[in-house]
Amino acid sequence: MTGHDNGGPGPGESMRDFYERMCPKLIARAYMMCGNQHDAEDVVQDAFAAVLPRWAQYSRYETPEAVVHRAMVQRVWKMQQRRARWLERLKDVAPSGAVSDPQVSAEASELLEALRELSYRQRTVLVLHALEGFSSREIADQLEISVDTVRGHKHKARANLKRRLGMEGWDADRPEFLPAVPEMALSMLPPNMDQGGEEEALAAVRRAEEELRRHFGTDHTAQERILAALEAAAARQGWSLEGEE
């Protein structure tokens with residue numbers, strides 16, 4: 001994230017203004033990592049609540065967006081870890097029903113469903129890679145895991161997403177007399193050397209995020225729910241969302 005995302009913070013920007021500026025983007029990205037709106041709202045609310053006590057300090061940072069974004073990502077990761085352990089103990093429980101996505105295009109809906117079919121590890125790494133442009137080392141730092149682990153999840157996520165979206169064209173079109181390129185070699189190519197449908201798959205992730213961001217920017221229901229919770233938390237502690245203190 002840059003320090004001037006969506007217009008950038010002004011000097012001593014109020015928490016309320018910062019929230020209104022950043023909330024649609026954070027809900028959209030949390031939605032793509034969580035797979036549903038309920039969890040996305042929870043982690044975004046927790047992320048803003050985490051920065052609220054020190055907002056007077058964070059508001060003077062060049063990139064306060066990075067602070068709340070990191071808080072959100074780490075909460076997504078920890079929540080999904082806990083859920084995975086819980087589901088492991090309840091293997092015989094029937095899976096939950098289908099998730100109803102916001103009103104988005106058929107392409108975005110297909111992409112969101114494909115993301116849900118990935119493991120939470122693959123999904124989180126892929127979203128950070130596709131939307132933030134983070135390197136494997138930057139993702140490892142955000143999630144507090146090893147760089148090699150990130151690279152493995154990223155490679156599997158891209159391959160699985162391409163398959164689910166029917167974008168495996170490069171290997172399918174390769175003449176039989178040409179040898180297959182080893183998967184590990186493909187995973188080490190720089191971003192501008194993506195093969196087949198890989199770059200298109202990542203572009204589809206970005207298009208879906210843009211649709212979700214527009215949706216949450218115009219449908220203020222989720223924003224208002226989170227804001228009400230933040231205002232209640234601030235009131236209990238004697239803090240204000242209107243200024244620095």
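Please read all numbers here as calculations on a predicted model, not as lab measurements. As a basis for the values below, the full set of heavy atoms in this structure was taken, side chains included, without hydrogen atoms, waters or symmetry mates.
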Problem set entry | Taking every non-hydrogen atom, the tightest pair across E242 and S14 | O-CB, 2.9 Å
Seminar exercise, completed: So CG of D46 and CZ of R75: to nearest 0.5 Å the spacing works out to 6.0 Å
Exercise. With a 4.0 Å cut-off, would you call R116 and E113 a salt bridge?
Worked result: yes
Problem set entry | Donor-acceptor pair between D219 and T221 side chains, under 3.5 angstrom | yes
Problem set entry | For D42, side-chain hydrogen bond (donor to acceptor under 3.5 Å, both in side chains) partners two or more places apart | none
For this session: May I ask you to say whether E13 pairs ionically with R21, meaning some side-chain N is under 4.0 Å from a carboxylate O?
Result: yes
Exercise. Is the closest basic N to carboxylate O distance between K162 and E200 below 4.0 Å?
Worked result: no
Problem set entry | Residue pair Q80 / Y120: nearest heavy atoms and the distance that separates them | CB-CD1, 3.4 Å
For this session: Of all the heavy-atom pairs spanning Y31 and A40, show the shortest one and how long it is.
Result: N-CB, 3.5 Å
Problem set entry | Intermediate values then yes/no, side chain to side chain contact (heavy atoms under 4.5 Å, CB included), Y19 and L241 | CA-CA 9 Å; Y19 171 83; L241 300 184; over 6 Å; no
For this session: Walk me through it: do Q57 and Y61 pass the test side chain to side chain donor-acceptor pair (under 3.5 Å)?
Result: CA-CA 7 Å; Q57 173 186 344; Y61 282 14; 2.6 Å; yes
For this session: Kindly assign one of parallel, tilted or perpendicular to the pair F18 and W55, based on the angle between their ring planes and the thresholds 30° and 60°.
Result: tilted
Exercise. Does a donor on one side chain and an acceptor on the other come within less than 3.5 Å for S105 and E211?
Worked result: yes
Problem set entry | Non-hydrogen atoms of L118 and R123 that approach each other most closely | O-NH1, 3.1 Å
Problem set entry | For R214, all residues meeting salt bridge (charged side-chain N to carboxylate O under 4.0 Å, His left out), sequence neighbours excluded | none
Indicate every side-chain donor-acceptor pair of residues 137-144 with a distance under 3.5 Å to a residue at least two apart or in another chain.
{"from": "E138", "atom 1": "OE1", "to": "S135", "atom 2": "N", "distance (Å)": "2.8"}
{"from": "E138", "atom 1": "OE1", "to": "S135", "atom 2": "OG", "distance (Å)": "3.4"}
{"from": "D141", "atom 1": "OD2", "to": "R70", "atom 2": "NH1", "distance (Å)": "2.9"}

Seminar exercise, completed: Of all heavy-atom pairs linking A56 and R60, the shortest is O-NH1, 2.7 Å
Problem set entry | Worked check of salt bridge (charged side-chain N to carboxylate O under 4.0 Å, His left out) between R164 and E110 | CA-CA 9 Å; R164 285 170 168 78; E110 180 184 14; over 6 Å; no
Problem set entry | Separation between CD of E132 and NE2 of H69, rounded to the nearest 0.5 Å | 3.5 Å
